[in-house]
Amino acid sequence: MNETTMPPRYDVAVVGAGPAGASAAINVKNRGRSVVLLAGQIPFSHISGPHLIANFAGFGETTGEELAAALGRHLSAVEVPVVTEKVTRIVRDGAGEPTDGFVLFAGDEIHRARSVVLATGVLLEGSIEGEEDLLGQGVSYCVTCDGRLFAGRRVVFISYGPPGEDEASELADAFGVEVTYLPQYQADYRLAAGVRVLEGSRPERLARVDGGVQVTLGGGRAGEPLVADAVFVSREAVAPTALLDGLETDGPHLVVDGRLQTTVPGVFAAGDCTGEPYQVAKAVGQGQVAALAAVRLLREQTEVVAGV
Ligand SMILES: Cc1cc2nc3c(=O)[nH]c(=O)nc-3n(C[C@H](O)[C@H](O)[C@H](O)COP(=O)(O)OP(=O)(O)OC[C@H]3O[C@@H](n4cnc5c(N)ncnc54)[C@H](O)[C@@H]3O)c2cc1C
């Protein structure tokens, strides 16, 4: 891709549209900077249930659904562009200099931004043993990016929610892949004809073996060998360390400094992904702190370039 076909570069890309990401995007916009909110397939998912929220100041007793609707209204009122695709990878743009910014891959689109705020929530399921080691070497999160590499071959598709059904069906229909679907949730699965479903089995470990990747199963099918050419994993969130190289974590949380900058300069984090307490008010507050820190960094970079 040459410079003329490159997508425009936003000042800030926010990943995740829960309370932290929505707050970050609104605050970047309020500072007159350009922003894109990469929201995942189900925006606001962790708050958008019917559960009662009684401790978010100013709202009295509300529900997750009402709060999610309020966030959605606020985002559209200030005209934040929202992309309902999950980010699967972030890399440095250009020559990788601190001021070059980042490229974010989401579905079949790419987005560019000078700075990034990660607001991806906390990964409740945890990743599978071996998953991160095999990423790009037999494990993938993205059918659009990697589906064609496995055309006509065998794939185990591990899915933590219904959005995986479309992706697995796409592998079977568009690429003629022999798909074994391992749902980690219960529903009426809507899958393309020919997709085999293995219910009640928990993936415990992924390992490279001759001829592909072996999935060690627990639960109802413990001990049954399952080998495929590749394993695709679909969950709401991707572990941040799998998204971007150089991020340090402390358990499931990203390490951040006082300005909520991660260990990758130019990348900030807010909300549950930075640690406990897992609370809406803290997420909204950190979204603002991260947004203002990102804007301040951009201003400092511009001043240095201009020799101010
Ligand atoms: C049942 C329940 C009850 C709760 N009750 C309360 C309460 O009463 N009071 C309270 O204060 N808090 C409560 N919480 C906690 C509160 O919901 C969280 O603390 C809050 O939602 C955290 O906001 P967040 O933006 O950090 O993360 P989240 O709300 O988890 O949002 C993160 C978003 O990022 C998206 N995402 C992740 N990875 C990617 C990616 N790679 N690309 C794009 N998008 C991505 C996810 O899909 C998700 O939509 C409750 C939570 C639950 C589950």
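Start at 1 and go down the list; that is how both ligands and their atoms are numbered. For the numbers below, each heavy atom of this structure counts, side chains included, while hydrogens, waters and symmetry mates do not.
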Student check: side-chain heavy atoms of [X] and [Y] closer than 4.5 Å:
X	Y	value
Gln184	Ile158	yes
Pro183	Tyr189	yes
Ile26	Leu75	yes
Leu297	Arg114	no

Kindly confirm or rule out an N or O of [X] lying under 3.5 angstrom from an N or O of ligand 1.
X	value
Glu85	no
Ala20	yes
Lys86	no
His51	no
Ala283	no
Val280	yes

For this session: Rounded to the nearest 0.5 Å, what's the gap from CG on Asp100 to CZ on Arg9? Could you check?
Result: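 Going from the CG atom of Asp100 to the CZ atom of Arg9 covers 7.0 Å.
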For this session: Would you mind listing every side-chain hydrogen bond (donor to acceptor under 3.5 Å, both in side chains) that reaches into residues 72-84, with sequence neighbours excluded?
Result: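 Output for this query is empty, none listed.
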Exercise. Is there a chain of hydrophobic side chains (I, L, V, M, F, W, Y, each step under 4.5 Å between heavy atoms) that links Val289 to Val284?
Worked result: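 They do not share one cluster, since no chain of ILVMFWY contacts under 4.5 Å joins Val289 to Val284.
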Exercise. Would a hydrophobic clustering, with Ile, Leu, Val, Met, Phe, Trp and Tyr connected at side-chain separations under 4.5 Å, put Val117 with Val78?
Worked result: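 Per the 4.5 Å side-chain linkage, Val117 and Val78 are co-clustered.
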Problem set entry | Pairing residues for Phe157 by the ring pair (Phe, Tyr, Trp, His ring centres under 6.0 Å) criterion, not counting sequence neighbours |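 Expected list: Tyr181.
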With a cut-off of 4.0 Å, which atoms of ligand 1 are near a heavy atom of [X]?
X	result
Ala119	32 (C), 33 (C), 34 (O)
Leu38	43 (C), 44 (N)
Thr120	32 (C), 34 (O), 37 (C), 38 (N), 39 (C)
Tyr278	12 (N), 15 (C), 19 (O)
Gly271	26 (O)
Val15	40 (C), 42 (N), 43 (C)
Leu52	8 (O)
Ile47	17 (O), 21 (O)

For this session: For the pair Lys29 and Asp11, find out whether any cationic side-chain nitrogen is under 4.0 Å from an anionic carboxylate oxygen.
Result: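 Salt bridge between Lys29 and Asp11, a charged N being under 4.0 Å from a carboxylate O: no.
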Problem set entry | Step-by-step side-chain contact (heavy atoms from CB on, under 4.5 Å) determination, Arg33 to Arg299 | CA-CA 11 Å; Arg33 298 284 182 155; Arg299 198 177 56 242; 4.1 Å; yes
Problem set entry | Region of Ala39 engaging ligand 1 - heavy atom pairs below 4.0 Å |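 Backbone only; the side chain of Ala39 stays clear of ligand 1.
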Exercise. So which bit of Asn55 gets within less than 4.0 Å of ligand 1, heavy atoms only: side chain, backbone, both or neither?
Worked result: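 Contact part for Asn55 vs ligand 1: side chain (C-beta onward).
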Exercise. Does at least one non-hydrogen atom of Val122 fall below 4.0 angstrom from an atom of ligand 1?
Worked result: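 False for this residue.
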For this session: Look at atom 27 (O) of ligand 1 and find which of Gly287, Gly121, Gly18, Ala17 reaches it with the closest heavy atom.
Result: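 Among Gly287, Gly121, Gly18, Ala17, the closest heavy atom to atom 27 (O) of ligand 1 belongs to Gly121.
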